[in-house]
There are 2 protein chains.
Amino acid sequence: MAMLGRLKRLADHLSEQHAQVYKAHDLTQASFDVLATLRRSGPPYSLNPSALIAWTMVTSGTMTNRLDRLEADGLIERRPDPVDRRGSVVALTEKGFDLIERVVTDHVANQHRMLADLPPDVREGLEDALRLWLSKFEPEQS
Amino acid sequence: MAMLGRLKRLADHLSEQHAQVYKAHDLTQASFDVLATLRRSGPPYSLNPSALIAWTMVTSGTMTNRLDRLEADGLIERRPDPVDRRGSVVALTEKGFDLIERVVTDHVANQHRMLADLPPDVREGLEDALRLWLSKFEPEQS
DNA sequence: CCAAAATATCTCGACGTCGAGATAAACTGC
DNA sequence: GCAGTTTATCTCGACGTCGAGATATTTTGG
């Protein structure tokens with residue numbers, strides 16, 4: 001019973017920790033997600049909005065809004081898609097790339113720090129339990 | 001590493017499950033929290049906004065907004081506080097009380113259903129791990 | 001080829017949240 | 001008593017999200 005509350009509160013605390021890292025670089029979870037997705041896609045660090053929507057699992061309205069802000073901040077660029085005039089291609093600018101490199105470094109360090117709070121055996125048990133429970137909601141991965 | 005993502009996704013799925021119950025009664029997590037807090041306070045099912053703010057851990061602006069909606073829906077009433085003219089007293093209306101009774105019933109059943117997905121031994125391990133980890137963020141309870 | 005269906009993206013209004021700042025009333029210390 | 005501080009609540013603007021509904025373009029089936 002109380003476990004559900006604890007799980008949620010813990011997740012909230014962890015998100016808050018993450019948010020602090022983003023904030024130190026003037027980003028939010030939302031903007032980090034987009035930039036990190038572009039970075040993860042590898043050179044030339046560009047994807048169309050549809051792909052970003054699929055990866056980040058937000059609605060198109062939300063993505064438009066995110067891209068508007070990132071573009072205004074000069075972190076991404078929207079270019080016309082050469083092969084589909086309905087669409088566009090979103091690419092990291094140099095400024096955006098440099099920023100996300102730095103943020104990811106901090107982000108990863110932060111994740112290690114968070115996990116370091118947990119003894120290895122507890123962590124393994126937790127890992128297994130989460131995987132099992134999550135499988136009830138996300139049947140298969142690959 | 002991936003564990004942090006799983007934890008968050010699991011928490012999101014569970015929240016989503018909760019949200020479905022609320023939605024079936026035309027409530028949101030936000031409005032449920034307020035009504036449930038009032039109900040939990042026992043007769044006469046009333047608290048002032050400050051107390052609600054403390055229990056639900058939201059800002060005063062958020063609480064004003066929540067109360068406005070709940071009042072418009074006739075689920076709560078705002079009465080002047082007889083002993084402090086700065087404040088007011090928020091009370092469940094009969095309609096609000098009847099509603100939250102029903103929702104809580106469903107909510108509890110839903111929680112049991114969610115936990116039933118988990119074998120008892122896994123659950124105990126998870127419980128302990130969560131408690132331990134959470135204690136790093138919430139040092140003491142009582 | 002073309003009409004109909006599908007797709008890519010944007011627009012817009014509603015909601016929920018925060019946080020800074022207003023307002024009014026109640027306390028506090030002389 | 002009263003000036004200064006604290007407290008209770010509300011207001012307001014910014015942000016982020018969703019979802020329904022444009023709009024433009026591409027794809028599909030005959």
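Numbered from 1 within each chain, the chains take letters A, B, ... in sequence-line order.
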To the nearest angstrom, how far is Asp81(A) atom CG from dT7(C) atom P?
-> 16 Å
Interatomic distance, Leu52(A) CG vs dT9(C) C1' [rounded to whole Å] = 12 Å
5' priority, DNA chain D, between Lys23(B) and Ser31(A) [closest heavy atom] | Ser31(A)
Send over the distance from Met63(A) CE to dT9(C) P, rounded to a whole Å.
-> 10 Å
Are the side chains of Leu27(B) and Leu75(B) in touch, meaning some heavy atoms are under 4.5 Å apart?
-> yes
Using atom types as modelled and distance alone, determine if a side-chain donor or acceptor of Lys136(A) lies under 3.5 Å from a backbone N or O of Met114(B).
-> no
Please check if atom CD in Glu94(A) has more than 12 non-hydrogen atoms from other residues, nucleotides or ligands closer than 6.0 Å.
-> no
Ion pair check, Glu127(A) and Arg123(A), cut-off under 4.0 Å = no
To the nearest Å, give me how far apart CZ (Arg86(B)) and C1' (dA24(C)) are.
-> 9 Å
Pairing string, 5' to 3', for DNA chain D - Watson-Crick or wobble contacts under 3.5 Å, brackets [ ] where pairs cross, | to another strand = ||||||||||||||||||||||||||||||
Strand contacts (DNA chain D) in residues 10-18 of chain B, 4.0 angstrom heavy-atom criterion = none
Where Arg78(A) and Val90(A) come nearest, the two heavy atoms and their spacing | CG-CG2, 4.1 Å
By nearest-heavy-atom nucleotide on DNA chain C, the more 5' of Gly61(B) and Arg85(B) is Gly61(B)
Closest approach of Ser60(B) and Ile53(B), non-hydrogen atoms and distance?
-> CA-CD1, 3.6 Å
Residues Asp33(A), Arg40(A): salt bridge by 4.0 Å N-O rule = no
Name the nucleic acid region contacted by Gly87(A), choosing base, sugar-phosphate or nothing; use a 4.0 angstrom heavy-atom cut-off, strictly under.
-> sugar-phosphate
Would you mind checking if Asp12(A) and Lys8(A) are paired as a salt bridge, meaning a charged N to carboxylate O distance below 4.0 Å?
-> yes
What are the bounds, 5' to 3', of the part of DNA chain D that sits under 4.0 Å from heavy atoms of chain B?
-> dT7(D) to dT11(D)
Comparing Thr62(B) with Ala51(A), nearest DNA chain C nucleotide closer to 5' gives the residue Ala51(A)
Once the angle between the rings of His107(B) and Phe32(B) is folded into 0 to 90°, is it parallel (under 30°), tilted (30 to 60°) or perpendicular (over 60°)?
-> tilted
Closest non-hydrogen atom pair between Gly74(A) and Thr93(A), with its separation = O-OG1, 2.7 Å
Looking only at heavy atoms, what is the nearest atom pair of His25(B) and Val21(B), with distance?
-> CD2-O, 3.3 Å
